[in-house]
Amino acid sequence: MLSFPISLPCKWYSGSFDTPELRMISRYLQSWLLEEGSLTARLKATCEEFFVEVLSESRQPVPDELSRLFPDDEIQMWCREVLLWCDNQPVVYAQSWIPESLQAMTKLGTTPLGEVLFQTPKWTRGEVEITLIDEPLYELLDKLNLKHETKSARRSVFTQGEFSMLVCEAFLLEPKKT
Ligand SMILES: C=C(O[C@@H]1C=C(C(=O)O)C=C[C@H]1O)C(=O)O
């Protein structure tokens, strides 16, 4: 039974692909995983119809493996999980951990987080980490009628003053080449 939040793996690698575990990632996908701009904006440029499907949004205890990424007092955060659809293809699964005090970010609905994050330039992105995910995504892949395959993912922490937000994105499909 698919339940949210999806528990993602703990092993993440710094944004280089020379580690043996990441060698299977194509150069094309590497360019997406290291995309410095908005993923939303880049995906929109590859398709006619783009939309965000909200899978789950709720207040959640911060998982132990994520707690070191946030200030000590962030015990509960707003967890947002979405699919980014391009021309009826579920290209990205994203899971974001947002400080509850950022009211505007907890009421996004189908507005892409990136449209807010990248419009207010004072948010800065930290180091990009990469990983490969298999079983944790299998139930979501089943729901989407996609094959059980290992997927590549990235995550980074965005900061603005005392606020920190974690954005993780897993590519379920390769974005169309433009
Ligand atoms: C951070 C971005 O926002 C995208 C949209 C998200 C959402 O709406 O929840 C989450 C992660 C990203 O894939 C981006 O566009 O780069």
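In each ligand, atom 1 is the first atom listed, and ligand 1 is the first ligand listed.
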> Which of the atoms in ligand 1, numbered in the order shown and given with their element, are less than 4.0 Å from a heavy-atom of V82?
Replying inline: 7 (C), 9 (O)

> What residue and atom, counting heavy atoms only, is the protein's closest point to atom 3 (O) of ligand 1, and at what distance?
Replying inline: G114 N, 2.8 Å

> At what distance, to the nearest 0.5 angstrom, does CE of M77 lie from CG of L69?
Replying inline: 9.5 Å

> With a 4.5 Å limit on heavy-atom distance, are the side chains of P99 and E74 in contact?
Replying inline: yes

> With a 4.0 Å heavy-atom cut-off (strictly under), which part of R80 contacts ligand 1: side chain, backbone, both or neither?
Replying inline: side chain

> Taking only heavy atoms of L84, which atoms of ligand 1 are found under 4.0 Å from at least one of them?
Replying inline: 13 (O)

> What is the distance from atom CD of Q95 to atom SG of C79, rounded to the nearest 0.5 Å?
Replying inline: 4.5 Å

>> Quick check on salt bridge (Lys or Arg N to Asp or Glu O under 4.0 Å): which of E57, E169, E100 does R80 satisfy it with?
In response: E57

>> More than 12 heavy atoms of other residues, nucleotides or ligands under 6.0 Å from CD of E48: yes or no?
In response: no

> Starting from atom 13 (O) of ligand 1, which protein heavy atom do you reach first, and at what distance in Å?
Replying inline: E169 OE2, 2.9 Å

> Numbering the atoms of ligand 1 from 1, which are under 4.0 Å from a heavy atom of V167?
Replying inline: 11 (C)

>> Need the ligand 1 atom indices (1-based, order shown) with element for anything under 4.0 Å from a heavy-atom of A94.
In response: 10 (C), 11 (C)

> Nearest protein heavy-atom contact for atom 4 (C) of ligand 1: which residue, which atom, what distance?
Replying inline: T40 OG1, 3.4 Å

>> Please check whether R154 reaches ligand 1 - meaning an N/O of the residue sits under 3.5 Å from an N/O of the ligand, judged on distance alone.
In response: no

>> Need the ligand 1 atom indices (1-based, order shown) with element for anything under 4.0 Å from a heavy-atom of P112.
In response: 8 (O)

> Is D18 salt-bridged to R23, going by a charged N under 4.0 Å from an acidic O?
Replying inline: no

>> To the closest 0.5 Å, what do you measure between CG (L2) and NZ (K143)?
In response: 7.0 Å

> Quick one: does L39's side chain get under 4.5 Å of V92's, heavy atoms only?
Replying inline: yes

> Which residue holds the protein heavy atom closest to atom 6 (C) of ligand 1, what is that atom called, and what is the gap in Å?
Replying inline: L113 CB, 3.5 Å

>> I need the atoms of ligand 1 closer than 4.0 Å to a non-hydrogen atom of F118, numbered in the order shown.
In response: 14 (C), 16 (O)

> Starting from atom 14 (C) of ligand 1, which protein heavy atom do you reach first, and at what distance in Å?
Replying inline: L39 N, 3.4 Å

>> Within 45 degrees of the ring normal and closer than 6.0 Å to the centroid, is that where the cationic atom of R42 sits relative to W32?
In response: yes

